[in-house]
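Below is one structure, written out as structure tokens, with a few remarks after it.
Order of the sequence lines fixes the chain letters, A, B, ..., with proteins taken first and strands second; residue numbering starts at 1 for each chain.
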Amino acid sequence: MEGNDPVSLTPDALSPVNQGSACPKGWEALAPLTAEDRGTAPLLKSPATGALEAVDWNTAATTFVERMKAIMDEHGPESVAFLGTGQIPTEELAFLGAFAKFGMGMVHGDGNTRQCMATAVRAYKESFGFDAPPYTYEDLELSDVLVFIGANPCIAHPIIWDRVSKNSRSPTIVVIDPRRTETAMAATQHIALTPKSDLVLFYILAKILIDKGWVNLPFVHRYCDGFEDFAAFVQDMDVEEAAGQCGLSAETVVGLARTIHLGRSVSFWWTMGVNQSHEGVRTAQAIINLALLTGNIGRPGTGANSITGQCNAMGSRLFSNTSSLFAGRSFTDANDRAEVAGILDIDEARIPRLNGWAYDQIVEGMRQKKIRALWIIATNPAHSWIQRTEFNELLGELDFLVVQDMFHSTETAQRADLFLPAAGWGEKEGTFINSERRIGAIRRVHRAPGQALSDFNIIRLLAEYWGCGEMFVQWKTPEDVFGILRRLSAGRPCDFSAISGYADLDEGGIQWPCTSKFVDTHRRLFEDRKFYRANGRAAFCFEKSRPAAEPVSTDYPLLLLSGRGSSSQWHTNTRTSKSPVLRTLFPEAAYIEIAKDDAERLGIKTGDLVTVSSRRGSVQVQAATSTHVVPGQVFMPMHYEATNRLTLAEFDPYSRQPSYKACAVAVRLGPEKG
Amino acid sequence: MSTGPRLVEDKPLAGLIGDLLQEQAQLSAVDRFSQWHDNDASPTAERYLERMPAHSPAAGEQYAFAVDLDACTGCKACVTGCHSLNGLDEDEVWRSVGLLQGGTAEDPYRQPITTACHHCLEPACLKGCPANAYEKSAATGIVHHLDDLCIGCRYCQLTCPYDVPRFNPEQGIVRKCDMCSDRLAQGVAPACVQACPTEAIRITLVKTDDVVADSQGQTFLPTAPAPYLTLPTTQYHTERVIPRNAVALDFHYLRPADAHPTLVIMLVLTQLGAGMFAVDWLVNLLGRGFAPGAALVALAAIGIGLVSSVLHLGKPRLAYRALLGLGHSWLSREVVALGAFGGMAFLYALMRDVPAAAEVLAYVPFPPLSWVAAATAFVGLVGVYTSIRVYQVTRRPAWVGPSTLLRFGFTTTGLGALTYAAVMSMSPAGDSDRALMVLLAVAGMSTVAKLGLELSVLTELRSRVERPVRRTARLLWGILRRLLLIRVALGVVGGVLLPVAAVWFWSSAASVLLVLAVCLGLAGEFIARHLFFVSASARRMPGSLE
């Protein structure tokens, strides 16, 4: 501290999560708050010049209400949608969801968590009966065998890797990833499979486990449904042939099955390599199936564990009121609607009876002119949405685009008709729920610049202007809303009704469920073998694998993988580019990693300018030859705006999550022609 | 169709906006956090104790960084932790993380390398510092940079093989890692040690004898500077076999080094001046008589050069401190020698070329003018020699051995002779024609020899191994090619063609041509010295993509 101003951050050694470590982004988390391009006043697009001009909050809120109402009056309530985030506290997400759907009467709204966690949500819901990641981070230290699938924690989750490195059992660490990532280098075994063949791999692993009698039958019979069907399904597979499909030998796969079998506590960890896939839900469930088959669940060091990316992905999943009603309820279930209406003391008729559209369906709605106005909060889809060139065109065709963000400079904010300046993480209060279901509080340590308001207060203001302030009289402060969320959670699997307020969260946060004041710091789910499906049993879910939409061809002979490039960059680089010291830690311009063999064939050396093209467009980037991508594949970090000009909008049919990591491209030395 | 209740116009909404803005300005938790942090410092510190030695260094020992390469994931938390806990400016970093890459497609190798100051046994920064702003602690072995003594000459950036000292333009000084010695003294782990999530960085005790022994093998890390230069103490451990083809990710990158324009001006002009005084003394010795005004021209060159050298400093006010390192620093010696040269040149020029001053000075019992001429020339050449040593001791492959000696030497003879000839041509006297011919021949031969020397480095392009000198050649024939060609053209025209033309058109236009020759020759030398700096390449610690 210097006077009243925070100058630097230090991680807390007593925190149960990071234990005193932070990644570069954490160390530099204050820097984005003082960036030059913070929004300091509402901005309204001038009809005369087309430029954004500063206005006061009264004008901004009035404009918001008048334009939105006019569009809804003319085109119906389904013509307006919102795109939220996993970046703001749960209280703000809940307020946003409640105001948009119950107050404004919107039907469609989704969050950027669709881009990262939707697959895991759907997979858990079907397999366990609730979106319930079962683990606690301590499990990373207690496993004998850790299997990382489509995950690169060394770079993407440095603190998770920190916990792995504290595992004192000299664990076997298996990394299943097409790239030889930093984590693959640090692992004891790297399974370099063909991209998007993971579902097949997990099915044949299941077959081998079943064939060899390596299944925990008592567990499966007592606690799971659908084993016989699943066993019959995988029985048809030919291990040799399927392994070949994965680019692996049958021995390798059998060896991996043996490793899983021999481990006393085996944990499976997945992230975006699985979630962002055309058959991600089934793949995640295939991982869950392996954990169920071997009884690796509900014990220390086990679990089928999805790691989230965003700070509050879990809060968004439970309380954003987008694809599911508050606390994992359903919009289509009359009882659920009645319960929520009762707790919130609102007219049940105000709760939509339909599940709203998913992100890609909202985009499709924009294409068909069904969506005429969009309210985007704390996310930057003009950069991050798959196949972004087309998305940007659609943004331009909207009648009214409202962007609410810390920065007026994001690709999305620059296209706004109305920009609302928001306070950042350290400038407001609220709670986050992390990957291991831990609820933690943030505090206000920094003054927001100019007229910027917390997202909470912006929504509160808009609700008053909309004229539905009375509906939210109980929603005055974030802590008030925390109380409402507690009541909404009561009796649900995510029950945290015993947490009385923010003060309880000061000592490192508390995991849900929390129905008693006296709970352990580290808790995992299903220790009682009771799952959340109606009959209390877990389910084996499976389906035949199908190929991805865009295989390589003669014109586009290379497969483009995307992912995190460095631990100093976050998603669209909106915040991480604000720290001068972080900027020194990552390449300034976009680059592509290309296998040495491919590079030599194309006459490309590290540092050369190359053109990368897909059927969607082409970009110029710097080349870096690498022994870490397999010939035939190339890798581009997602943080540069170039990457999503190339990607193909393909989605998992169940989770509607985009498949960012598989599209066909061509690479050529030199700048674009013409 | 319902879209919610209508906007109620008469609500006191303006009041709400004011309230919300006011609430936003309150800080709820600052005091609490800082108090909590102050009270709770001890458990935080204890957690990192196991990453530090149990006792202070005994005799023959010192502290060193120990890096477990197998644990390092390249997350760079060490860089940001250091930046944050040391309160560094904006984009200032004292630690960096690079990458080694190699192996085969089947068994690829990729290793992040975290690096900061190596707290060497023989720190080249300390040895080179003219202001004695470095200190190696006898008790801990930590190499401290004393910020308030630094004059910002940036010479340590040239002498340190590891690019450790970083220039901070706002403060006008360099700064560097001191192993968080304040924290260390209180038993608290250095920032990077605390920040490393995988405990890959520790502080350890090394025996100085072991460091010497470890440096014999001349391997520190692949493509990194050879350890015998400074005896770095950092211990890099790995259980993996580093493949022989492992190189830094940026190994093939061509990075022009800092240009230092003020030094370019200083070096070329002081060498021109030294050359003129040497010529002056010789011409006089051979009985040809002084060229009137030559001493003033030389003095002017030296004056501009010396002013430029002071402007080079980040803290020009503290320039006098550059004398402190006379015992060990060639830069100090250069400052002394060139300073003395400037003084002598001033005195001599007054005695020789300013009649009024000469009359006054005649009352002072000075030695005869010829003696002063000799002394000035001698001190000037000593100055050039110290300049040569300044760059030779940096041990940059492009600068060691005869390279700098010949370059600076030929600049001295070539420009000195040419400029002296130009001045001489303006007031022909006696048999100055022959002297002029000789001077122009010297200038021409110096130029040709120097151009040959400068271009000879291009033969390295044929080398199959990427040595630093080859990188110098690739830079010169790559992004610097146009500049190199201009330099050659200026040299040929200014140093050879115009003097030949001057001889051809003897008497009529000789002076004009020679003045032009001096201008072009001088421009050529400025470019050559610029290239000398920017194309100097040396082995460095592994870096990454930029």
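Your options are Pro112(B), Gly103(B), Ala25(B), Ser96(B), and the one with the most heavy-atom pairs under 4.5 Å with chain A is Ala25(B). In terms of heavy-atom pairs under 4.5 angstrom with chain A, the leader among Leu88(B), Val79(B), Thr80(B) is Thr80(B). For chain B, the option among Asn58(A), Thr584(A), Leu461(A) with the highest count of heavy-atom pairs below 4.5 Å is Leu461(A).
For chain B, no part of Leu30(A) is nearby; none of its heavy atoms comes within less than 4.5 Å. Using a 4.5 Å cut-off between heavy atoms, Gln101(B) contacts chain A through its side chain alone, with no backbone atom that close. Using a 4.5 Å cut-off between heavy atoms, Glu28(A) touches chain B through its side chain atoms alone. Heavy-atom distances place the side chain of Ile155(A), and not its backbone, under 4.5 Å from chain B. At a 4.5 Å heavy-atom cutoff, the contact between His83(B) and chain A is made by side-chain atoms alone. Contact annotation for Ala192(A): neither backbone nor side-chain heavy atoms come within less than 4.5 Å of a heavy atom of chain B. Contacts between Ser626(A) and chain B at a heavy-atom distance below 4.5 Å involve backbone atoms as well as side-chain atoms. In this structure, chain B has a heavy atom under 4.5 Å from the side chain of Ile159(A), while its backbone stays farther away. With a 4.5 angstrom heavy-atom cutoff, Thr627(A) touches chain B via backbone and side-chain atoms both.
Partners of Glu600(A) according to the side-chain contact (heavy atoms from CB on, under 4.5 Å) rule, which considers only residues two or more places apart in sequence or in another chain, do not exist here. For Ala186(A), the side-chain contact (heavy atoms from CB on, under 4.5 Å) criterion is met by Cys154(A), Trp161(A), not counting sequence neighbours.
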Compile the donor-acceptor pairs under 3.5 Å between side chains in residues 15-23 of chain B and protein atoms, sequence neighbours left out, one pair per line.
residue	atom	partner	partner atom	Å
Glu23(B)	OE2	Arg444(A)	NH2	3.3

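Side-chain N/O atoms of Thr104(B) and Asp107(B) include no donor and acceptor closer than 3.5 Å. Side-chain contact, Arg95(B) with Thr115(B): no donor N or O sits under 3.5 Å from an acceptor N or O. Side-chain contact annotation: Asn152(A) with Thr183(A), donor-acceptor N/O pair under 3.5 Å present.
At a heavy-atom separation below 4.5 angstrom, chain A is approached by no residue within residues 65-72 of chain B.
Partner of Asp163(B) under the salt bridge (Lys or Arg N to Asp or Glu O under 4.0 Å) criterion, chosen from Arg539(B), Arg255(B), Arg540(B): Arg540(B).
For the pair Lys69(A) and Trp466(A), the cation-pi test (distance below 6.0 Å, angle within 45°) is passed. Geometrically, Arg180(A) does not engage Tyr109(B) in a cation-pi contact, judged by NZ or CZ lying under 6.0 Å from the ring centre and within 45° of the ring axis.
Ion pairing between Arg110(B) and Glu182(A) holds under the 4.0 Å rule for side-chain N and carboxylate O.
Separation of atoms CZ (Arg474(B)) and CG (Leu461(B)) is listed at 9.0 Å; rounding is to 0.5 Å.
Side chains of Glu199(B) and Lys166(A) form a contact here, defined as non-hydrogen atoms less than 4.5 Å apart.
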